[in-house]
Engineer: 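Dropping the structure in here first, questions after.
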Amino acid sequence: MNWEFIFKDGLIAGIQGIPVSLFVTFVSMLIALPLSFLCAMGRFKRVPVLSQLITVIGSFLRGTPLVVQLFIVYSGFPSLLNVLVQRNGWDFDPFGISPYVFAFVVFSLNVLGTLTEVFRSSLSAVGKEQTEAALSVGLNHFQTNCLIVIPQALVSAIPNICNEFLNLFKSTSLVYMMTIQDILGKVRLVAAEGYDYTEAYVVIAVIYFVLGFTMEKLFQRMEGNLKTYKAAPQV
Amino acid sequence: MKLFDVEYMVSVIPRLIPSFFEVTLLCVATTLVVGSIFGFLLALCKLGKNRVLRGVAYAVTDVIRSMPFIVMLFLLYYGLPKFFPALNALNKVYFLTLGLIIFASCRLSEIMRSAYEAIDKTQMEASLSVGLTPPQALWHVVVPQAFYIALPNLGNLLVGMVLETALGFTIGVYDIMGTARVINANEYGAHNMEIYVAAALIYWVISLLIAGLTSQLEKVAKKDRQGGGRKRLLKGSEQKEGVA
């Protein structure tokens, strides 16, 4: 075991890759959160065509592996765009799109599938009597949603959102297939000089463990602070 | 050039299906069997009285749960043959299965622990007071109820396992995704979209089947739930009867 690699080169390269991973995670989560909330509201209110479409798309996004979705978007879409470009003669290079765009699309879609379910279950957990009470007091539907239902739904959804954030952070380890240099990419690059692949993966595992542990503790602290706003349990 | 060749996609699907039965099904079945054993042992450690064992079990679960699956896979594939050179000749499917077993044991231990803790202690006390021995009480009273509570999580775990076998292609296992990449390479990347969409459709159908199976199993196991699965209409009168 090449201990010098683990403590010097590998660790430094890995820490350089952390911002890239966190960047992809945060942006994908930011894109997916409002969209998935809208989709969950659509399904909850049973909007005629939209809710069936969201159900099918959500089932597809949750039922296929992330790798397959990644390859469909990264390998498939440029070829598709290439066919369109060559047919219509546009001035556009589909193979020159930055891999970050593909990364954001893939990861936000994947998280969308799961978060829609999370928000849908948290919206159902609020209970109909809240809506009935608010309407009887004199609020209209829009005010009821904004002031009463949504805050309670969001608070009960937070543990699941944090869990999904951690899962997304672990899934972003796959961006190396799109030639983005995150933790895995950078450490493997440095390890290729001396074929220290085992040591490289030990370093990567340690980095992911430290980051995941820190994030879990942070989320637990956040959930504890927000517990005061939790909805009353159902009878 | 066609934008999306549906005929080609339909013709690729029969070429991808045999790899499912040869690799994926075998991996997942082995994982469930062996993972249940180790998951049960881990759950016992977590629920037991020995503080050292409990700490070790929680630490192991924490470390493994915070690792991405692909990192664990590479760690096993590159790391184990370094310490045991004889493993270099081992078929790569075993490394994939080992990684899946480790992941499944951790998740199963969490599922079993949460399902066991969701059952009231009064069930155990009541069955012991009636005259059952602790193993009998566990097997006939607690475990069926815990199983019903754990079923949705078990379904999710099964779907997750099948989807995670797709990462085997990174170490060279020829499952659905690996075969898809080989076919894609043979065609010089001409039918990228069709091949990967075909693989995605196969995985989607499998996950839908597992979800259907889980809901059927829930209906069968519903009679083991506390209350026998019957709807309770009169809540107040029953309590008054108990007090009197």
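Below, chain A is the first sequence line, B the second, and so on; all start at residue 1. Remember, predicted model here, so these are calculated numbers, not experimental data.
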Engineer: Could you look at A:Gln69 and say if it's the side chain, the backbone, both or neither that has a heavy atom under 4.5 Å from chain B?
Structural biologist: neither
Engineer: Is the count of non-hydrogen atoms from other residues, nucleotides or ligands lying under 6.0 Å from B:Tyr58 atom OH greater than 12?
Structural biologist: yes
Engineer: Using 0.5 Å steps for rounding, measure from the CE atom of B:Met72 to the CD1 atom of A:Ile204.
Structural biologist: 13.0 Å
Engineer: Indicate the atoms forming the closest heavy-atom contact of B:Ile70 with A:Ser173, along with that distance.
Structural biologist: CG2-OG, 3.7 Å
Engineer: Given heavy-atom pairs under 4.5 angstrom as the criterion, report whether the side chain, backbone, both or neither of A:Met177 touches chain B.
Structural biologist: side chain
Engineer: Can you say whether A:Ser79 sits under 4.5 Å from chain B via the side chain, the backbone, both, or neither, judging by heavy atoms?
Structural biologist: side chain
Engineer: Using heavy-atom distances under 4.5 Å, tell me whether B:Thr165 contacts chain A through its side chain, its backbone, both, or neither.
Structural biologist: neither
Engineer: Is the distance from the ring center of B:Phe169 to that of A:Phe71 below 6.0 Å?
Structural biologist: yes
Engineer: Are more than 12 heavy atoms from other residues, nucleotides or ligands located less than 6.0 Å from atom CZ of B:Phe84?
Structural biologist: no
Engineer: Between B:Leu163 and A:Arg62, what is the shortest heavy-atom contact and its length?
Structural biologist: CD1-O, 3.4 Å
Engineer: For a side-chain contact (heavy atoms from CB on, under 4.5 Å) check, start with the C-alpha distance between A:Tyr176 and B:Thr170, then their side-chain angles and the critical distance, and finish with the verdict.
Structural biologist: CA-CA 11 Å; A:Tyr176 83 96; B:Thr170 51; 3.6 Å; yes
Engineer: Going from CZ on B:Phe69 to CG on A:Leu174, what distance comes out if it is rounded to the nearest 0.5 angstrom?
Structural biologist: 11.0 Å
Engineer: Could you report the tightest heavy-atom contact between A:Thr64 and B:Ala200, atom names first, then the distance?
Structural biologist: CG2-O, 3.2 Å
Engineer: With only heavy atoms counted, which part of A:Ile207 is less than 4.5 Å from chain B, the side chain, the backbone, both or neither?
Structural biologist: neither
Engineer: What's the shortest heavy-atom distance between A:Val68 and B:Tyr196, and which atoms?
Structural biologist: CG1-O, 3.5 Å
Engineer: Please look at B:Met67 and chain A and tell me whether the side chain, the backbone, both or neither of the residue comes under 4.5 angstrom of a heavy atom of that chain.
Structural biologist: both
Engineer: Would you say B:Tyr8 has more than 12 foreign heavy atoms packed within less than 6.0 Å of its OH?
Structural biologist: yes
Engineer: Can you say whether B:Leu208 sits under 4.5 Å from chain A via the side chain, the backbone, both, or neither, judging by heavy atoms?
Structural biologist: side chain
Engineer: With side chains defined as the heavy atoms from C-beta onward, is the minimum distance between B:Met193 and A:Phe77 less than 4.5 Å?
Structural biologist: yes
Engineer: Under 4.5 Å heavy-atom distance to chain B, tell me which part of A:Ile72 shows up: side chain, backbone, both or neither.
Structural biologist: both
Engineer: Would you mind telling me which of A:Val67, A:Asn167, A:Leu84 has the largest number of heavy-atom pairs within less than 4.5 Å of chain B?
Structural biologist: A:Val67
Engineer: If I measure from the heavy atoms of chain B, does A:Tyr74 come under 4.5 Å with its side chain, its backbone, both, or neither?
Structural biologist: neither
Engineer: I'd like to know if the side chain of B:Lys82 and the backbone of A:Tyr197 have a donor-acceptor N/O pair within less than 3.5 Å.
Structural biologist: no
Engineer: Between A:Arg188 and B:Phe74, is NZ or CZ placed under 6.0 angstrom from the six-membered ring centre and within 45° of the ring axis?
Structural biologist: yes
Engineer: Please check if atom OH in B:Tyr174 has more than 12 non-hydrogen atoms from other residues, nucleotides or ligands closer than 6.0 Å.
Structural biologist: no
Engineer: Of all of B:Val162, B:Val197, B:Ile202, B:Leu201, which one pairs up most often with chain A through heavy atoms under 4.5 Å apart?
Structural biologist: B:Val197
Engineer: Under 4.5 Å between any side-chain heavy atoms of B:Arg65 and A:Leu166, yes or no?
Structural biologist: no
Engineer: At what distance, to the nearest 0.5 angstrom, does CE of A:Met215 lie from OG of B:Ser66?
Structural biologist: 10.5 Å
Engineer: Does A:Phe209 CZ have over 12 foreign heavy atoms under 6.0 Å away?
Structural biologist: yes
Engineer: Roughly how far, to the nearest 0.5 Å, is the CH2 atom of B:Trp204 from the OG atom of A:Ser59?
Structural biologist: 5.0 Å
Engineer: Under a 3.5 Å distance rule, please check whether A:Thr198 uses its side chain to pair with a backbone N or O of B:Tyr78 as donor and acceptor.
Structural biologist: yes
Engineer: How close do A:Gly76 and B:Asn192 get, counting heavy atoms only, and between which atoms?
Structural biologist: CA-CB, 4.2 Å
Engineer: How long is the gap from CG on B:Leu76 to OH on A:Tyr201, to the nearest 0.5 Å?
Structural biologist: 12.0 Å
